[in-house]
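Excluded from the calculations below are hydrogen atoms, water molecules and symmetry mates; all remaining heavy atoms, backbone and side chain alike, are included.
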Amino acid sequence: MRRLEGRHVVVTGAGRGIGRAIALRLAEEGARLSLLARGRDALEATAAEVGGAFVAAVDIRDAAQVDDGFAAAAAANGPIHALVANSGIGGPNEPGDGDRFTDLVATNLVGTYACVRAAQRRLAPGPDRRDVVVVSSVLARIGVPGYTGYCASKAGLLGLVRSLAAELAPENVQVNAICPGWVDTDMAWEGIDLLADALGVSREDAFAEAMREVPLRRMSQPEDVAGTVAWLLSPDARGVTGQAIDQNGGAVMP
């Protein structure tokens with residue numbers, strides 16, 4: 001199926017993990033891709049895998065860089081039909097010197113907002129539907145000790161999505177979020193390793209402990225999340241807006 005044939009989709013954080021999988025899936029669906037992230041080398045590798053895409057190295061904490069990146073994407077690939085805002089950072093933070101709270105919020109929440117507004121300024125003209133999909137987290141739903149910055153920033157994204165969905169609905173722009181749980185990425189395994197250190201157990205035992213909280217007893221694959229993104233951008237998801245889709249193996253059931 002090539003449900004996104006000819007549509008220009010910008011994917012942030014497309015160099016690895018979930019973002020890379022999203023880019024690969026959307027290319028299969030026929031999308032014309034612009035890929036943004038901090039590291040150009042990883043972006044170039046993803047672009048090669050999808051058979052060519054516009055790439056730009058952008059730090060989403062810098063609003064001017066974001067605007068320049070989206071302007072260049074629109075110049076290269078035309079007006080934007082969809083944004084997949086996937087860029088973000090993870091990990092814990094602690095009070096005191098070196099507290100990462102501000103950086104986590106500046107990247108995951110404020111940076112995502114900058115991306116949405118930069119895309120909005122360059123959206124393809126209506127009346128046809130346009131889309132924004134934001135990648136949040138299962139930690140938007142629950143509190144985890146030591147992860148105040150990550151939890152707050154990812155929960156903030158859900159409020160952002162609801163407000164934007166209402167704000168942009170008159171322009172026929174659908175705005176949604178996905179809340180993945182454990183996904184088989186470098187970031188997830190860094191979390192497993194931190195859990196192992198905290199519990200004083202092996203990585204294997206920490207993984208087993210984490211999966212005990214997941215009814216399906218498995219990590220998702222990046223391709224699973226990519227499939228959900230592809231559906232949200234497809235005609236099959238017409239009328240779906242302001243939603244946060246939980247894709248976490250049943251770990252959280254709101």
Side-chain angles (χ1 to χ4, degrees), residues 11-28 33 35-50 53 55 57-60 84-93 100 103-104 107-109 111-112 115 133-142 144 146-147 149-151 153-154 157 177-198 202-214 216-232 244-252:
V11 182
T12 69
R16 60 181 187 143
I18 292 172
R20 172 184 166 275
I22 290 169
L24 293 174
R25 176 60 185 269
L26 299 187
E28 292 175 1
L33 293 174
L35 310 178
L36 280 60
R38 288 191 199 180
R40 177 174 286 275
D41 289 347
L43 287 176
E44 295 283 5
T46 301
E49 288 186 87
V50 302
V55 302
V58 171
D59 184 341
I60 65 170
V84 182
N86 169 71
S87 281
I89 58 174
N93 64 290
R100 301 174 61 241
D103 194 32
L104 286 157
T107 304
N108 296 344
L109 180 55
T112 297
C115 290
V133 176
V134 171
V135 178
S136 181
S137 169
V138 66
L139 267 65
R141 303 294 199 186
I142 59 177
V144 176
Y147 281 74
Y150 191 77
C151 291
S153 62
K154 291 297 188 175
L157 289 176
I178 301 176
C179 298
W182 289 107
V183 181
D184 189 5
T185 63
D186 290 344
M187 184 183 292
W189 285 105
E190 288 166 6
I192 293 292
D193 289 338
L194 287 170
L195 178 62
D197 290 343
S202 68
R203 173 186 259 202
E204 292 74 19
D205 288 342
F207 175 77
E209 180 65 26
M211 292 306 103
R212 267 194 281 273
E213 302 299 322
V214 180
L216 289 180
R217 296 293 191 269
R218 63 179 287 269
M219 265 190 178
S220 296
Q221 294 300 307
E223 292 77 14
D224 300 337
V225 181
T228 303
V229 171
W231 173 74
L232 281 170
I245 297 176
D246 292 287
Q247 191 164 4
N248 54 48
V252 174

*asked:* For Asn108 versus Ser153, what's the shortest heavy-atom pair and its separation?
replied: ND2-OG, 3.1 Å

*Distance from Leu43 atom CG to Thr12 atom OG1, nearest 0.5 Å?*
10.0 Å

*What's the spacing between Arg20 CZ and Glu223 CD if we round to 0.5 Å?*
7.0 Å

*Spell out, as yes or no, whether a donor-acceptor pair under 3.5 Å connects the side chain of Asn86 to the backbone of Gly13.*
yes

*Could you check if a side-chain atom of Leu26 sits within less than 4.5 angstrom of a side-chain atom of Val84, using non-hydrogen atoms only?*
yes

_Non-hydrogen side-chain atoms of Leu104 and Tyr147 separated by less than 4.5 Å_ = no

*Would you mind reporting whether Asn248 and Arg141 have side-chain heavy atoms less than 4.5 Å apart?*
no

*Are there more than 12 heavy atoms of other residues, nucleotides or ligands under 6.0 Å from atom CZ of Arg16?*
no

*asked:* Is the shortest side-chain heavy-atom distance between Leu232 and Ile178 below 4.5 Å?
replied: yes

*How far apart are the closest heavy atoms of Ala21 and Pro222, and which atoms are they?*
CB-CB, 3.5 Å

_Heavy-atom pair of closest approach, residues Trp231 and Ile245_ = CZ3-CD1, 3.8 Å

*Close side-chain approach of Ile89 to Tyr150, heavy-atom, < 4.5 Å*: no

*First locate atom CG of Leu35, then atom CD of Glu49, and finally report the distance between them rounded to the nearest 0.5 Å.*
10.5 Å

*Hey, does Glu213 have a side-chain heavy atom less than 4.5 Å from the side chain of Ile142?*
no

*Just wondering, do Val50 and Leu24 contact through their side chains at under 4.5 Å, heavy atoms?*
yes

*For Arg100 and Gly90, indicate whether the former's side chain and the latter's backbone hold a donor-acceptor pair under 3.5 Å.*
yes

*Test log, rule side-chain contact (heavy atoms from CB on, under 4.5 Å), inputs Asp246 and Val138*: CA-CA 7 Å; Asp246 292 287; Val138 66; 5.7 Å; no

*Quick one: CG on Leu195 to CZ on Arg203, what's the gap to the nearest 0.5 Å?*
11.5 Å

*Any idea which heavy atoms bring Thr46 and Ala14 closest together, and the distance?*
OG1-O, 3.0 Å

_Closest non-hydrogen atom pair between Arg218 and Asp224, with its separation_ = NH2-OD2, 3.1 Å

*What are the two closest non-hydrogen atoms of Arg212 and Arg217, and how far apart are they?*
O-NH1, 3.4 Å

*Side chain of Thr107, backbone of Gly88: donor and acceptor closer than 3.5 Å?*
no

*Are Cys151 and Val144 side-chain neighbours, meaning at least one heavy-atom pair lies under 4.5 Å?*
yes

